[in-house]
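Data block below; observations after.
Residue numbers start from 1 in every chain, and the chains themselves are labelled A, B, ... in the order their sequence lines are given, proteins ahead of strands.
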Protein chains: 2
Amino acid sequence: MGQQAAASIRQVARAARVSVGTVSNVLNRPSVVAPATRRRVLAAIDELGFVRNESARQLRQGTARTIGLVVLDVGNPFFTDLAKGVEAAATEAGHAVMLCNSDGSRDRESRHLELLAQQQVHGVLMSPVEDDLSSARELAARGVSVVLVGHPAESDDLCSVAVDDRVGGEIAVTHLLATGRRRLTMIAGSPATRQCAERHAGGQQALRNAGHDPGGLEFLEVPTLDVAAGQRAAEQLLARGSLPDGVFCVNDLVALGLLQVLLRAGVSVPDDVAVVGYDDIDFAAAAAVPLTSVRQPATLLGRTAADLVIAEGAGSRHQHQQVVFTPELVVRESTGHREGRSRAPDGPAWGALLRPVHDLGGRLAAQEPEPAG
Amino acid sequence: MGQQAAASIRQVARAARVSVGTVSNVLNRPSVVAPATRRRVLAAIDELGFVRNESARQLRQGTARTIGLVVLDVGNPFFTDLAKGVEAAATEAGHAVMLCNSDGSRDRESRHLELLAQQQVHGVLMSPVEDDLSSARELAARGVSVVLVGHPAESDDLCSVAVDDRVGGEIAVTHLLATGRRRLTMIAGSPATRQCAERHAGGQQALRNAGHDPGGLEFLEVPTLDVAAGQRAAEQLLARGSLPDGVFCVNDLVALGLLQVLLRAGVSVPDDVAVVGYDDIDFAAAAAVPLTSVRQPATLLGRTAADLVIAEGAGSRHQHQQVVFTPELVVRESTGHREGRSRAPDGPAWGALLRPVHDLGGRLAAQEPEPAG
DNA sequence: CCGGGTTAATGAATCGTTTCAACAACGCGC
DNA sequence: GCGCGTTGTTGAAACGATTCATTAACCCGG
């Protein structure tokens with residue numbers, strides 16, 4: 001098996017003593033070619049180690065069988081879960097997925113979009129870096145199907161699949177209030193980004209609902225949304241002298257970083273501070289103190305987005321859709337009820353405080369007998 | 001900006017009143033075209049919203065500016081870190097990265113490889129699902145540059161970038177022995193896979209070095225290498241009645257799952273059981289009990305692999321290389337010394353046990369005064 | 001045995017770019 | 001004013017698959 005130059009359809013045709021058109025038919029519409037011929041062609045393909053040249057196919061057909069996915073942070077399990085959903089749906093439809101990481105950078109985002117446009121991809125799924133959707137619209141104007149992920153399109157000229165961030169913020173803060181917390185801080189990125197703003201607004205709504213001053217939810221801004229940012233935020237809080245008694249983090253990475261530093265500093269969670277995260281990534285359940293979190297259906301989100309983009313590309317006349325899912329709260333130890341809780345026993349005592357709405361695949365919840373509330 | 005059909009180089013040529021060859025020159029070798037003409041062409045490109053059709057370029061040139069990366073598990077931060085390294089190097093060289101997830105499935109792996117071959121990618125980086133490298137070799141025989149990642153090519157017909165797994169296993173177990181552990185268990189995937197076998201062999205070597213019976217390292221096999229697998233493994237261990245006093249997990253995901261279930265069951269880590277993970281993912285430091293782990297330079301690994309594949313594609317006569325890095329141990333609380341440790345105080349007392357070789361970017365280590373060992 | 005219908009196979013045109021031999025225009029030295 | 005190198009520009013020939021109007025072969029009923 002020497003390193004032969006890639007065989008072309010023409011050589012296959014010659015080897016099978018048929019025309020190139022027939023080979024193409026064997027490849028794409030096998031039913032129209034006579035069984036005997038088909039066998040002969042397949043044998044030739046096999047013998048020559050022929051691999052279809054996708055660029056040529058693409059060039060002729062005008063569109064690739066690839067969909068692009070541009071995410072904010074591949075390092076965030078939320079997005080890899082999302083990507084898994086996208087890939088599942090794409091594979092079923094015979095498409096490949098090109099996963100790109102914008103890393104929150106506008107520049108990288110537009111570079112990736114440019115590249116995807118050049119590749120004539122079937123469509124693009126993107127979680128936009130900023131609220132300015134002009135790059136998405138520009139791409140759509142060039143004839144590429146675009147679906148926003150995790151960011152509702154405020155007008156109906158684009159498809160979008162999102163989770164209601166306001167509700168997410170609301171249930172998080174409502175829960176903190178229900179466990180008796182009053183001095184609340186939210187840790188998030190720039191309030192200029194929709195997600196952070198919406199989740200914050202939801203939190204304020206929760207305060208209002210409970211008859212409190214919506215100003216009671218302090219906003220602490222961090223530059224990035226990763227573990228390191230959470231660590232730094234915790235250091236800031238610790239440096240102040242007085243801690244809030246409830247913290248709502250805009251995602252689980254931040255929450256995990258925060259948690260780690262708080263615990264290391266001797267702060268008890270949830271006794272001194274309750275912590276709520278967002279996304280409910282797998283690691284949330286495995287944290288130092290298992291993390292209460294607002295779950296978004298990441299895989300479903302990806303699957304839905306992919307289905308939309310595939311449909312939009314295929315369909316004749318397409319109506320843009322805005323799909324919105326509702327998040328749900330997963331309660332774990334990091335927000336254990338304040339009352340009826342002694343200072344800090346170790347080990348399985350935690351169990352008594354746990355009211356698992358969801359747990360890792362329900363495995364553990366199913367194996368431990370559920371204590372009466 | 002109506003949804004216009006994509007403009008071709010020909011239309012640009014007409015608009016700028018030059019030939020297509022000149023437009024192509026503006027695109028690829030701007031220096032050879034007179035400034036005035038160049039400006040005219042650029043203006044036309046801008047006005048028509050021209051986007052280069054990558055398929056056509058590729059077809060003509062014979063090769064794409066894309067490199068494929070096939071990983072075992074995108075959900076594992078080790079691989080996303082790796083991917084970041086790959087992307088950095090690729091971007092510098094003007095290549096895009098196609099990230100594919102084989103999820104440990106042979107089938108998915110070969111589907112991805114087939115797809116990448118069809119796309120005429122510049123090269124492929126892959127962490128092979130099994131030790132059987134025939135699919136990699138087959139791809140290489142078809143003329144695609146292949147670099148194995150995390151798996152040394154035993155012969156010199158392929159490039160590879162790996163980390164010495166035997167040494168990794170050795171330092172992990174040596175450390176467990178040094179903290180006084182004797183009843184050791186390793187949790188890993190099938191011993192038929194090289195990585196698991198090598199790390200196990202390294203562990204046995206450590207026992208031999210210390211004058212113990214290499215059989216003293218029990219091998220507990222799990223079907224997958226994720227958090228859930230670690231949880232199940234812990235349940236198995238707990239069901240036995242007697243626990244090992246040191247556990248070496250083949251990666252951090254498994255270790256985190258194990259840790260969570262052990263703690264929930266009231267087992268003290270590190271007092272009752274010490275746990276060592278592998279990869280040193282970010283979450284290892286943020287775990288319930290910060291995890292001692294064998295660090296692999298994931299990003300560097302990716303970067304090196306990408307550089308190799310780029311060089312191989314470009315270079316005239318290419319000599320295959322096998323690069324091997326050495327892992328290092330990052331000690332954290334999960335293997336705190338057994339002696340001099342009281343039963344289970346909470347909070348910052350942990351700090352006294354910590355001898356940080358590495359920590360999350362050194363941030364924390366730098367801020368906490370280092371207690372004398 | 002002929003005409004109409006069906007089934008198979010053909011081969012040329014096409015997609016949009018790159019490449020390259022050829023050519024035009026220009027300046028310059030002799 | 002002639003040849004010559006330099007500099008810009010041109011136009012046509014690839015690249016490899018798909019598509020489609022034609023053609024070829026064959027069957028069957030009248």
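- Formation of a donor-acceptor pair under 3.5 Å by the A:Ser102 side chain with backbone atoms of A:Ser105 is not found in this model.
- The heavy-atom pair separating B:Val144 from B:Gly123 by the smallest distance is CG1-CA, 4.1 Å.
- Here the rule is side chain to side chain contact (heavy atoms under 4.5 Å, CB included) with B:Arg38, and of B:Asn25, B:Val32, B:Val26 only B:Val26 fits it.
- Residues A:Thr91 and B:Arg111 share a closest heavy-atom pair of CG2-NE, 4.4 Å.
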- Nucleotide by nucleotide, 5' to 3', does protein get under 4.0 Å of the base (B), only the sugar-phosphate (S), or neither (-) in nucleotides 11-17 of chain D, counting heavy atoms? B-BBBBB

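- Although no hydrogens or angles enter the test, the distance criterion places a donor-acceptor pair under 3.5 Å between the side chain of A:Gln195 and the main chain of A:Gly150.
- Closest approach of A:Arg65 to A:Gly94, counting heavy atoms only: CB-O, 4.0 Å.
- Heavy-atom minimum distance, B:Phe50 versus B:Ala7: CD1-O, 3.2 Å.
- With hydrogens and angles ignored, the 3.5 Å screen pairs no side-chain donor or acceptor of B:Asp81 with any backbone N or O of B:Ala298.
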- Task: Might you work through the side-chain contact (heavy atoms from CB on, under 4.5 Å) test for B:His151 and B:Met126, ending with a clear yes or no?
- Result: CA-CA 9 Å; B:His151 189 121; B:Met126 61 182 288; over 6 Å; no

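- Partners of A:Ala153 under the side chain to side chain contact (heavy atoms under 4.5 Å, CB included) rule, at least two apart in sequence or in another chain, are A:Leu148, A:Leu158, A:Ser160, A:Gln322.
- On the nucleic acid side, DNA chain C has its first and last nucleotide under 4.0 Å of a heavy atom of chain B at C:dG16 to C:dT19, going 5' to 3'.
- Here the closest non-hydrogen pair linking A:Gly104 and A:Val129 is O-CG1, 3.3 Å.
- At a threshold of 4.5 Å between non-hydrogen side-chain atoms, the residues B:Glu109 and B:Glu130 do not count as touching.
- Within 6.0 Å of CZ in B:Arg106 there are more than 12 heavy atoms belonging to other residues, nucleotides or ligands.
- Heavy-atom minimum distance, A:Gln120 versus B:Asn53: OE1-CA, 3.6 Å.
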Any protein N or O atoms within reach of nucleotides 21-28 of chain D? Criterion: under 3.5 Å, listing atom names and distances.
none

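- Looking at residues 29-41 of chain A, you'll see A:Arg29 sit with a heavy atom under 4.0 Å from some atom of DNA chain D.
- Rounded to 10°, the angle separating the first-five-pair axis and the last-five-pair axis of the helix from C:dC1-D:dG30 to C:dC30-D:dG1 equals 60°.
- Between the side chain of B:Asn28 and the backbone N or O of B:Ser24, at least one donor-acceptor pair lies under 3.5 Å.
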